[in-house]
Amino acid sequence: ILKTASTAAYKEDAAVEEDEASGGKTAETKPQGEKSIRRDFRETAFFYPQLTTDKDGNVDFEFLVPQSITKWKFRAVAHTKDLLAGLNEKEIVAKKDMFITPNYPKVLYQNDEIYYSAKISNTSDKTLTGKSYLVVTNEKGENITSQVVQKERVDFTVAGNNSIIVKWKLTVPSDASVLTIRSVAETASLTDAEEHIIPVLTTKVLITETLPMTIKKAGKNTFQFKSF
């Protein structure tokens with residue numbers, strides 16, 4: 001028996017329904033009107049190496065599904081005391097009717113000017129119309145979106161079973177060390193947000209130069225470093 005534990009970070013209730021076409025299961029989230037911010041993108045959802053069944057051979061456990069919109073492979077391996085073994089594999093698909101996937105850089109530099117893009121995917125059969133925007137905070141937790149994003153809101157229309165690209169022009173502050181960038185897509189009834197923490201590197205270059213200082217007599221001597 002598998003149970004997906006609820007988490008406040010998702011702001012949504014998860015429902016699992018049978019997907020007869022794939023022979024597996026599809027995990028589908030149903031929005032409850034609150035914003036869902038996805039931050040957990042672990043590649044391994046769980047690993048329980050020491051589960052023990054009850055007298056009827058059943059095992060019950062719970063786990064939190066990471067917030068990636070992807071296909072998960074579930075694998076169960078069991079053995080008895082007399083070394084009889086069994087293996088079972090299933091696929092679980094985590095999806096939403098609409099979700100946003102930012103194409104975020106791994107690192108930024110101070111004073112960078114970039115176009116931050118994201119893909120909005122519509123997995124339903126209906127055309128969706130809404131708005132998308134960024135929320136940018138610095139290392140102090142201060143919201144600096146209006147200072148760094150040229151146009152905060154981008155309206156979109158995406159056809160059923162299709163996707164579009166949206167983008168924003170972003171300027172990295174000269175004193176930033178890390179930025180938290182949240183990409184949000186909203187319609188009248190659906191919402192999704194994905195958040196990433198991006199380190200910001202300085203553009204300054206550390207220069208090291210050595211200079212021999214030979215003093216032959218008493219008095220004042222002047223030495224000049226060529227790089228300074």
Chemist: Any donor-acceptor pair under 3.5 Å linking the side chain of Ser132 with the backbone of Val154?
Modeler: yes
Chemist: Should we say atom CD of Glu43 is surrounded by more than 12 heavy atoms from elsewhere, each under 6.0 Å from it?
Modeler: no
Chemist: Within a reach of under 6.0 Å around OH of Tyr48, are more than 12 heavy atoms found that belong to other residues, nucleotides or ligands?
Modeler: yes
Chemist: Between Arg153 and Asp155, does any side-chain N to carboxylate O distance fall below 4.0 Å?
Modeler: yes
Chemist: Side chains of Leu51 and Phe61, heavy atoms from C-beta outward: is any pair under 4.5 Å?
Modeler: yes
Chemist: Measure the shortest side-chain to side-chain distance between Leu190 and Leu128 over non-hydrogen atoms and say whether it is less than 4.5 angstrom.
Modeler: yes
Chemist: Would Thr157 and Thr127 count as a side-chain contact (heavy atoms from CB on, under 4.5 Å) if you check the C-alpha gap in whole Å, the side-chain angles of each, and the deciding distance to 0.1 Å?
Modeler: CA-CA 7 Å; Thr157 299; Thr127 298; 3.7 Å; yes
Chemist: Are Val178 and Ile198 packed together at the side-chain level, in the sense that at least one heavy-atom pair is separated by less than 4.5 angstrom?
Modeler: no
Chemist: Taking atom CD1 of Ile197 as the centre, does the number of heavy atoms from other residues, nucleotides or ligands within less than 6.0 Å exceed 12?
Modeler: no
Chemist: Donor-acceptor pair, distance only, cut-off 3.5 Å: does the side chain of Ser117 make one with the backbone of Lys167?
Modeler: no
Chemist: Would you kindly check if the NZ (Lys) or CZ (Arg) of Lys90 is within the cone defined by 45 degrees around the ring axis of Phe74 and under 6.0 Å from the six-membered ring centre?
Modeler: no
Chemist: I want to check something: taking the side chain as every heavy atom from C-beta on, are Thr137 and Leu179 in contact at a cut-off of under 4.5 Å?
Modeler: no
Chemist: Look at the side chain of Glu194 and the backbone N and O of Thr101, then say whether any donor-acceptor pair between them is shorter than 3.5 Å.
Modeler: no
Chemist: State, with a plain yes or no, whether a side-chain heavy atom of Ser146 is found less than 4.5 Å away from one of Glu152.
Modeler: yes
Chemist: If we only count heavy atoms from C-beta on, is the Leu134 to Val184 side-chain gap below 4.5 Å?
Modeler: no
Chemist: Verify, without hydrogens or angle tests, whether Glu195 (side chain) and Ser183 (backbone) share a donor-acceptor contact under 3.5 angstrom.
Modeler: no
Chemist: Verify, without hydrogens or angle tests, whether Thr202 (side chain) and Lys204 (backbone) share a donor-acceptor contact under 3.5 angstrom.
Modeler: yes
Chemist: If only atom types and distance count, is the side chain of Asn143 paired as donor or acceptor with the main-chain N or O of Thr145 below 3.5 Å?
Modeler: yes
Chemist: With heavy-atom distances below 4.5 Å as the criterion, would you say the side chains of Thr187 and Met98 are in contact?
Modeler: yes
Chemist: With a 4.0 Å cut-off on N to O distance, would you call Lys73 and Glu91 a salt bridge?
Modeler: no
Chemist: Under a 3.5 Å distance rule, please check whether Arg38 uses its side chain to pair with a backbone N or O of Phe99 as donor and acceptor.
Modeler: no
Chemist: Residues sharing Leu83's hydrophobic cluster, by side-chain heavy-atom contacts under 4.5 Å among ILVMFWY, directly or via others?
Modeler: none
Chemist: If we ignore angles and hydrogens, is there a donor and acceptor under 3.5 Å between the side chains of Tyr133 and Glu186?
Modeler: yes
Chemist: Would you say Tyr109 has more than 12 foreign heavy atoms packed within less than 6.0 Å of its OH?
Modeler: no
Chemist: Quiz question: by atom type and distance under 3.5 Å, do the side chains of Asp125 and Asn161 form a donor-acceptor pair?
Modeler: yes
Chemist: Do side-chain atoms of Asp56 reach the backbone of Asn58 as a donor and acceptor pair under 3.5 angstrom?
Modeler: no
Chemist: With side chains defined as the heavy atoms from C-beta onward, is the minimum distance between Leu170 and Val172 less than 4.5 Å?
Modeler: yes
Chemist: I'd like to know if the side chain of Lys96 and the backbone of Thr191 have a donor-acceptor N/O pair within less than 3.5 Å.
Modeler: yes
